[in-house]
> 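Let me begin by handing over the structure; questions about it come next.
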Protein chains: 2
Amino acid sequence: MKKAHGKLIFGTFLKDRGLRFTKERSVILQKTLSCSGHFDPESLYLQIREAGLKASRASVYRTLSILCECGLIERVKKTERGTIYENMFGHEHHDHMLCIQCGNLIEFYSEELERLQEALCKKQGFQGTGHNLEIRGYCRKCRKKKR
Amino acid sequence: MKKAHGKLIFGTFLKDRGLRFTKERSVILQKTLSCSGHFDPESLYLQIREAGLKASRASVYRTLSILCECGLIERVKKTERGTIYENMFGHEHHDHMLCIQCGNLIEFYSEELERLQEALCKKQGFQGTGHNLEIRGYCRKCRKKKR
DNA sequence: ACATTAATTGAGAATGAGTCTCAATTACAA
DNA sequence: TTGTAATTGAGACTCATTCTCAATTAATGT
């Protein structure tokens, strides 16, 4: 159901621009939507190969860009190991806390935070279209371990 | 005055770890502290060469890492064109708004935002050590141009 | 001042993510 | 089914960054 919906969004987006819904794009879309959280292009590519499906690295990169444009996924951040994407379909907007000990990425959302940011933008005459907040530190588990 | 102080911090940091205060590190420190805002390793390297000073790319990269560790600079973000650093010495903490039209990076600070984040961390049992907020959108100038 | 020694340097090779090229393939409208 | 422009994939390429290692040098003790 979710997948069908994602497919519809993607299909419409492609048609609107005279782009084609190829087998490769379909495979990449599917695998992307089946990622429940964050992912990176290389893992996605390997996952596709392991599943016996067909799509080149080049196509993976190309398709991820299109998926970003149509809002189904988002580039969360660039790291030393490459870009981290996130499946946005069915996910609400949220921000992240990154544990610098175990690398765990915790999602959170605060309405108050959103409102405050809007207010700050207004003060600067800035028209915000999106944001990225990453709080670094130690998660509950790692704090305990440190003792 | 500021430079001398930065030098002291760096020198102490190096000595504490049995590292050496070489000519190259001194040059890189100086040029880094004379950057008033954001910079990237390649520009810094070119600036050094243009000034007739001596330090290889390798040393620039190596030294920037050390300067990060001792808190004199910070890695602000990674882009498709490389890492953006920021001179932290004498700068207060602040967040950024990035204009996706002209690429301008606007600094801002909000006490309320800091407090709110602390509260959010507490709620998650997370011990925050720092954060990175980037609000994307259109700056005042670019908004006017768009009309 | 000088020797000792381990840290540092730099040139260029290596790495790795991501993009580009272009001939062969294929989706899709008519 | 056909025509045609979009797409694909293998591998070349780019570009930031790291690594290698022989030569150099800072810092310490005498």
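Numbered from 1 within each chain, the chains take letters A, B, ... in sequence-line order.
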> Which part of the nucleic acid, if any, lies within reach of B/R25 when heavy atoms closer than 4.0 Å are counted: base, sugar-phosphate only, or nothing?
sugar-phosphate
> Which one, C/dG10, D/dT17, D/dG9, comes nearest to the side chain of B/P41?
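Selected nucleotide (nearest to the side chain): D/dT17.
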> Verify the distance criterion only: is there a donor paired with an acceptor across the side chains of A/Y109 and A/E111 at less than 3.5 Å?
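Judged by distance alone, the side chains do pair up.
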> Using a strict 4.0 Å threshold on nitrogen-to-oxygen distance, state whether B/R81 and B/E42 make a salt bridge.
no
> Output yes when at least one side-chain N/O atom of B/T22 is less than 4.0 Å from OP1 or OP2 of C/dA7, else no.
no
> Rounding to an integer number of Å, can you tell me how far B/R81 CZ sits from C/dG18 P?
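Taking atom P of C/dG18 as the reference, CZ of B/R81 is at 14 Å.
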> Base of C/dG18, side chain of A/R62 - is there a donor-acceptor contact under 3.5 Å?
no
> In whole angstrom, what separates A/I66's CD1 from D/dA6's P?
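The answer, rounded to whole Å, is 13 Å.
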> Measuring from the side chain of A/A58 (C-beta onward, heavy atoms only), which nucleotide among D/dG9, C/dA27, C/dG12 has the closest atom?
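The listed nucleotide nearest to A/A58's side chain is D/dG9.
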> What is the distance, to the nearest angstrom, from the NZ atom on B/K77 to the P atom on D/dT17?
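Computing the B/K77:NZ to D/dT17:P distance gives 14 Å.
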> Within this structure, what is the CG-to-P distance between B/L64 and D/dT18, rounded to whole angstrom?
10 Å
> Measure the distance from NZ on A/K15 to P on D/dT7 and round it to the nearest whole Å.
13 Å
> Mapping B/Y45 and B/L19 onto DNA chain C by nearest heavy atom, which one lands closer to the 5' end?
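Whichever sits nearer the 5' end wins; that is B/L19.
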> Let me know the distance between CZ of B/F21 and C1' of D/dT28, rounded to the nearest Å.
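In whole Å, D/dT28 C1' and B/F21 CZ are 18 Å from each other.
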> What about A/R20: does its side chain form a donor-acceptor pair under 3.5 Å with the base of D/dA6?
yes
> Decide, yes or no, whether a salt bridge links B/R17 with B/E69 under the criterion of side-chain N to carboxylate O below 4.0 Å.
yes
> What is the distance from CD of A/E42 to C1' of C/dA17, rounded to the nearest Å?
9 Å
> For A/H96 together with A/H38, are the ring centres under 6.0 Å from each other?
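Between A/H38 and A/H96, the centre distance is under 6.0 Å.
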> Would you say A/E74 and A/H93 are linked by a side-chain donor-acceptor pair, where the criterion is simply a distance under 3.5 Å?
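A/E74 and A/H93 do not have a side-chain donor-acceptor pair below 3.5 Å.
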> Would you say A/T83 places a side-chain N or O within less than 4.0 Å of OP1 or OP2 belonging to C/dG18?
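Yes, within the criterion.
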> Answer yes or no: does a side-chain N or O of A/K23 lie under 4.0 Å from OP1 or OP2 of C/dT26?
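Looking at the OP1 and OP2 atoms of C/dT26, neither is under 4.0 Å from any side-chain N or O of A/K23.
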> Considering every strand and a 4.0 Å limit on heavy-atom distances, what is the contact class for A/K54: base, sugar-phosphate, or nothing?
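If one applies the 4.0 Å heavy-atom cut-off, A/K54 turns out to touch the sugar-phosphate alone, with no base involved.
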> Rounded to whole Å, please give me the gap between OH in B/Y61 and P in D/dA16.
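Atom-to-atom, B/Y61 to D/dA16, this comes out as 7 Å.
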